[in-house]
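Worksheet: one structure, shown below.
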Amino acid sequence: ASVSGSGTSGIGQLSFADAGGGKIGQVVSVIKTDKFTTTSSSFTDITGMTVNITPSASSSKILIMLSLGAFQNDIGDSTVYGNLVRGSTALAQGNNITGTECTFAHRQNTSANNNFQTPISFTFLDSPSTTNQTTYKLQGTIGTDNGGLAVNSSYGAVSTSGNTSSTITVMEILA
């Protein structure tokens with residue numbers, strides 16, 4: 001508030017403003033431990049990978065952290081696509097003239113019918129600008145490729161498959 005003196009000797013009190021934003025207001029997380037499969041050529045909700053959060057201020061940001069134990073196509077040289085969705089709006093998609101607009105994709109070039117499992121991690125900072133309950137979810141598809149999408153395990157019943165878990169965690173970052 002005030003300081004008197006000069007040079008290396010001063011007497012008084014200092015005051016500082018609050019640091020402000022960047023604090024975590026709340027954390028919500030879900031874990032999916034069962035297997036999900038689809039052969040859909042359009043984006044389909046992945047069951048168990050939906051989380052709701054109600055921001056305390058419209059200026060808050062939401063940090064979304066996605067971790068998939070396995071996200072794969074059961075046929076080698078085929079792609080699977082994922083979307084992170086707020087409500088009905090896909091987030092953080094690429095934009096190009098050709099191909100599939102999506103949040104993330106996975107393709108592993110191997111010979112047909114080789115089984116493989118690959119974890120996927122994705123983080124995104126969203127600005128929903130609302131104090132209403134907001135739903136974030138994961139969707140997946142095989143698009144125009146063949147095969148089937150599998151989450152948390154291989155598509156078929158393979159005794160050597162790892163049975164994994166996946167999580168979606170959202171954090172409110174206060175402004």
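Hydrogens, waters and symmetry mates play no part in the numbers below; they use all other heavy atoms, side chains included.
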Hey, does the side chain of [X] reach the backbone of [Y] with a donor-acceptor pair shorter than 3.5 angstrom?
{"X": "Thr103", "Y": "Leu84", "value": "yes"}
{"X": "Lys35", "Y": "Ser154", "value": "yes"}
{"X": "Asn83", "Y": "Ala90", "value": "no"}
{"X": "Ser166", "Y": "Gly69", "value": "yes"}
{"X": "Ser58", "Y": "Ser129", "value": "no"}
{"X": "Asp45", "Y": "Lys137", "value": "no"}
{"X": "Thr134", "Y": "Asn132", "value": "yes"}

Examine [X] and [Y] and state if one hydrophobic cluster contains both, with Ile, Leu, Val, Met, Phe, Trp and Tyr joined whenever side-chain heavy atoms are less than 4.5 Å apart.
{"X": "Phe36", "Y": "Val85", "answer": "no"}
{"X": "Phe43", "Y": "Val80", "answer": "no"}
{"X": "Ile31", "Y": "Val28", "answer": "no"}

Go through the steps for Thr79 and His106 under the test side-chain contact (heavy atoms from CB on, under 4.5 Å), then give the verdict. CA-CA 6 Å; Thr79 306; His106 179 257; over 6 Å; no
Rounded to the nearest 0.5 Å, what separation is found between the [atom1] atom of [X] and the [atom2] atom of [Y]?
{"X": "Ile120", "Y": "Gln72", "atom1": "CD1", "atom2": "CD", "result": "10.0 Å"}
{"X": "Thr123", "Y": "Ile64", "atom1": "OG1", "atom2": "CD1", "result": "9.0 Å"}
{"X": "Ser60", "Y": "Met171", "atom1": "OG", "atom2": "CE", "result": "14.0 Å"}
{"X": "Ile53", "Y": "Gln133", "atom1": "CD1", "atom2": "CD", "result": "10.0 Å"}
{"X": "Leu149", "Y": "Ser41", "atom1": "CG", "atom2": "OG", "result": "12.5 Å"}

Any Lys/Arg nitrogen of Asp126 or Lys61 sitting under 4.0 Å from an Asp/Glu carboxylate oxygen of the other?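 Judged by the 4.0 Å cut-off on N to carboxylate O distance, Asp126 and Lys61 do not form a salt bridge.
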Show your reasoning for whether side-chain contact (heavy atoms from CB on, under 4.5 Å) applies to Phe124 and Leu63. CA-CA 6 Å; Phe124 179 69; Leu63 181 65; over 6 Å; no
Taking atom types as modelled, is there a side-chain donor on Asn163 or Ser153 under 3.5 Å from an acceptor on the other?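 Yes, Ser153 and Asn163 have a side-chain donor paired with an acceptor closer than 3.5 Å.
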Among side-chain atoms of Tyr81 and Asp145, is any donor-acceptor pair under 3.5 angstrom?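 Note: Tyr81 and Asp145 side chains miss the donor-acceptor criterion.
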Qualifying salt bridge (Lys or Arg N to Asp or Glu O under 4.0 Å) pairs, either residue in residues 165-175, two or more places apart: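 Every pair satisfying salt bridge (Lys or Arg N to Asp or Glu O under 4.0 Å) with a residue in residues 165-175: there are none.
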In this structure, is the centre-to-centre distance between the rings of Phe71 and Phe104 below 6.0 Å?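 Ring centroids of Phe104 and Phe71 are less than 6.0 Å from each other.
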Stepwise side chain to side chain donor-acceptor pair (under 3.5 Å) test for Asn52 and Thr135: CA-CA 4 Å; Asn52 295 310; Thr135 300; 2.5 Å; yes
With heavy-atom distances below 4.5 Å as the criterion, would you say the side chains of Leu174 and Ser56 are in contact?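 Leu174 reaches Ser56 side chain to side chain.
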Would you please test Leu138 and Leu68 for side-chain contact (heavy atoms from CB on, under 4.5 Å) and show each step? CA-CA 10 Å; Leu138 179 64; Leu68 302 172; 3.6 Å; yes
